[in-house]
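Every value quoted in this text rests on a predicted model; they were computed, and no experiment measured them. By convention here, the first residue in the shown sequence is residue 1.
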Amino acid sequence: MVKTILIAIISILLVGTIIVQPDTAFQASLQGLTVWWNIVFPGILPFLVLFELMTAFGLAHAASTLLGPVMHRLFKLPGEAAHAIALGWMGGYPAGAEATASLRKQNKVDQSQGQRLLAIAHMPNPLFMLVVVGAGFLHKPIVGIMIAAAVWLSALFLLLLLSIANIGSRNNVIEPSLDAAASKPQDGFVKQLTGAMQLGREQDGRSFGKVLGDAVSSSVQKLLMIGGFMIFASVLAKLAQPLFAPLLTKLNASFIGPALFESHIGAYAAAIWETPVGGSLMNAAAIAGVLAWSGLGGILQTGYTIAGTDLKLLPFAAFRMMHAVGAFLLTLLLWNPMSALLRYVTPPGTFPVFSPDQPQAAWGGPTAITASDMPMLWFYSIAASLLLLTAFALLHFVSPLWRTRRIGR
């Protein structure tokens, strides 16, 4: 009752504020709509459709097979957790939260495992980081790859720390999944992958035409939801600006307001942020932190998804804050070694050189993505996907060797 009354009061206050300041609210909503329609929608829609097709034809099951052997050994999670991680990392939030909630309802993970899995499976859409942020916001797709690497690596590091602590884990015995039954350890690597893909295809069972139609409608629906959150968050950030003004003036961090409410509009605000120190490198680090935080909108989406389970939203929000700080710092720490590595594989002039006095405007400012840009953008997206696939394959092969060494000791 108290929660309902509080939400009703806040809603009435927001409506009253919009009525008092209609021009401010309209301009803020128009900004959110412009960013969504010109950049987010064309940048993510093709990938979302392809992701739905790949999932229906068993790609998520194949990724689960690659990740399964390392789940328990490194992160103290059952093999089924790999499926939620694959969905969350490839599809973006809230796909990972939905898969985690499903596993918890089926009692395939206990509460402690589900809490950690919820934290790691909640990731921003990879194509948003690689294409929209890298090419649309910053005009440097290679920077999108580095931001994505910082977000992913910081999440894995934090999960590893939580797994070592393993606070409150009951170490329940988990029954083998259908994926594990479909691919036996003695099977070859390729046979395991094909068996998992075949199992995923059989479980889906839809025809190609049905899958394609569902993929388009589902992708558009997700993007409409993202657009609604972006517009609403843009209005909230603008109306709440007087409350944050003293703090933002001292910190000279104008992106914090939008980033607090929604990650997409927050990433855009961080991209155009006039940094007091650090130049464009601080823009990249701020974007990584914003995407790792995911905004109150992303957190509330997760809260809606895990309703009906014993998973808690407060620890999840705390992990998001730690992830944001970790992604921000990791971008700063890894920039020089990553830049030295990537200069060997990128064409001359592609990689940006940051200096403390170089403003973000040196990149030309955010712009819309056009059809002529897509061939160049897909090169970086495919390259990043191949790197991830290689990393998963290495983990798949290393895990049995590590387990054998541990048993020998």
Practice prompt. Could you walk me through whether Q31 and Y268 pass side chain to side chain contact (heavy atoms under 4.5 Å, CB included), step by step?
Written response: CA-CA 11 Å; Q31 182 193 27; Y268 177 83; 4.0 Å; yes
Check whether any side-chain heavy atom of [X] sits under 4.5 Å from a side-chain heavy atom of [Y], and report yes or no.
{"X": "L138", "Y": "I287", "value": "yes"}
{"X": "T100", "Y": "I306", "value": "no"}
{"X": "S154", "Y": "F328", "value": "no"}
{"X": "W36", "Y": "H264", "value": "no"}
{"X": "L77", "Y": "V109", "value": "no"}
{"X": "Q113", "Y": "R104", "value": "no"}

So which atom in [X] and which in [Y] form the shortest heavy-atom distance, rounded to 0.1 Å?
{"X": "A84", "Y": "L117", "result": "CB-CD2, 4.0 Å"}
{"X": "L45", "Y": "S219", "result": "CD1-CB, 3.9 Å"}
{"X": "V49", "Y": "A215", "result": "O-CB, 3.8 Å"}
{"X": "L53", "Y": "F208", "result": "CD2-CE1, 4.4 Å"}
{"X": "I265", "Y": "G32", "result": "CD1-CA, 4.0 Å"}
{"X": "G266", "Y": "F255", "result": "O-CB, 4.4 Å"}

Could you tell me the separation between the [atom1] atom of [X] and the [atom2] atom of [Y], rounded to the nearest 0.5 Å?
{"X": "L296", "Y": "F232", "atom1": "CG", "atom2": "CZ", "answer": "10.5 Å"}
{"X": "L330", "Y": "L158", "atom1": "CG", "atom2": "CG", "answer": "9.5 Å"}
{"X": "F137", "Y": "M129", "atom1": "CZ", "atom2": "CE", "answer": "13.0 Å"}
{"X": "L311", "Y": "R116", "atom1": "CG", "atom2": "CZ", "answer": "12.0 Å"}
{"X": "D110", "Y": "L103", "atom1": "CG", "atom2": "CG", "answer": "12.0 Å"}
{"X": "K238", "Y": "S234", "atom1": "NZ", "atom2": "OG", "answer": "8.5 Å"}

Any residue meeting side chain to side chain donor-acceptor pair (under 3.5 Å) with [X], in chain and number order, not counting sequence neighbours:
{"X": "S263", "result": "Y93"}
{"X": "T331", "result": "none"}
{"X": "T309", "result": "none"}
{"X": "Q198", "result": "E202"}

Worksheet item: Who passes salt bridge (Lys or Arg N to Asp or Glu O under 4.0 Å) against K105, sequence neighbours left out?
Response: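 So K105 forms no salt bridge (Lys or Arg N to Asp or Glu O under 4.0 Å) with any residue.
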Practice prompt. Please name all residues satisfying salt bridge (Lys or Arg N to Asp or Glu O under 4.0 Å) with R201, sequence neighbours left out, ordered by chain then number.
Written response: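 R201 satisfies salt bridge (Lys or Arg N to Asp or Glu O under 4.0 Å) with D204 only.
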With [X], which residues qualify under side-chain contact (heavy atoms from CB on, under 4.5 Å), at least two apart?
{"X": "L156", "result": "F75, W89, I120"}
{"X": "L329", "result": "V325"}
{"X": "L300", "result": "none"}

Discussion item. Per the side chain to side chain donor-acceptor pair (under 3.5 Å) rule, what does the pair list look like for residues 292-304, sequence neighbours excluded?
Written reply: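 Only H122-S294, H122-T302 qualify under side chain to side chain donor-acceptor pair (under 3.5 Å).
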Practice prompt. Ignoring hydrogens and angles, tell me if any N or O in the side chain of Q115 forms a donor-acceptor pair with the backbone of P315 under 3.5 Å.
Written response: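 No, the answer is negative, given that no donor and acceptor are paired below the 3.5 Å cut-off.
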Worksheet item: Going through the checks in order, is the side-chain hydrogen bond (donor to acceptor under 3.5 Å, both in side chains) test met by Q106 and S102?
Response: CA-CA 6 Å; Q106 299 171 25; S102 176; 3.0 Å; yes
Worksheet item: Does the pair L291 and F128 meet the rule for a side chain to side chain contact (heavy atoms under 4.5 Å, CB included), with working shown?
Response: CA-CA 10 Å; L291 294 176; F128 179 79; 3.5 Å; yes
Fill in: salt bridge (charged side-chain N to carboxylate O under 4.0 Å, His left out): pairs with one or both residues in residues 150-164, sequence neighbours excluded
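Counting only pairs at least two positions apart or across chains, no salt bridge (charged side-chain N to carboxylate O under 4.0 Å, His left out) contact touches residues 150-164.
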When the side chains of residues 222-231 are checked against the rest of the protein, which donor-acceptor pairs come out under 3.5 Å, sequence neighbours left out?
residue: K222; atom: NZ; partner: E52; partner atom: OE2; Å: 3.0

Discussion item. Could you go through M282 and L332, starting from their C-alpha distance and side-chain angles, then the distance that decides it, and tell me whether this counts as side chain to side chain contact (heavy atoms under 4.5 Å, CB included)?
Written reply: CA-CA 8 Å; M282 292 298 293; L332 300 178; 4.1 Å; yes
Item to complete: Would you indicate whether F57, at its atom CZ, is surrounded by more than 12 heavy atoms from other residues, nucleotides or ligands within a distance under 6.0 Å?
Response: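 Result for CZ/F57: enclosed.
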Practice prompt. Please assess N283 against V143 for the test side chain to side chain contact (heavy atoms under 4.5 Å, CB included), listing each intermediate value before the final yes or no.
Written response: CA-CA 11 Å; N283 289 99; V143 180; over 6 Å; no
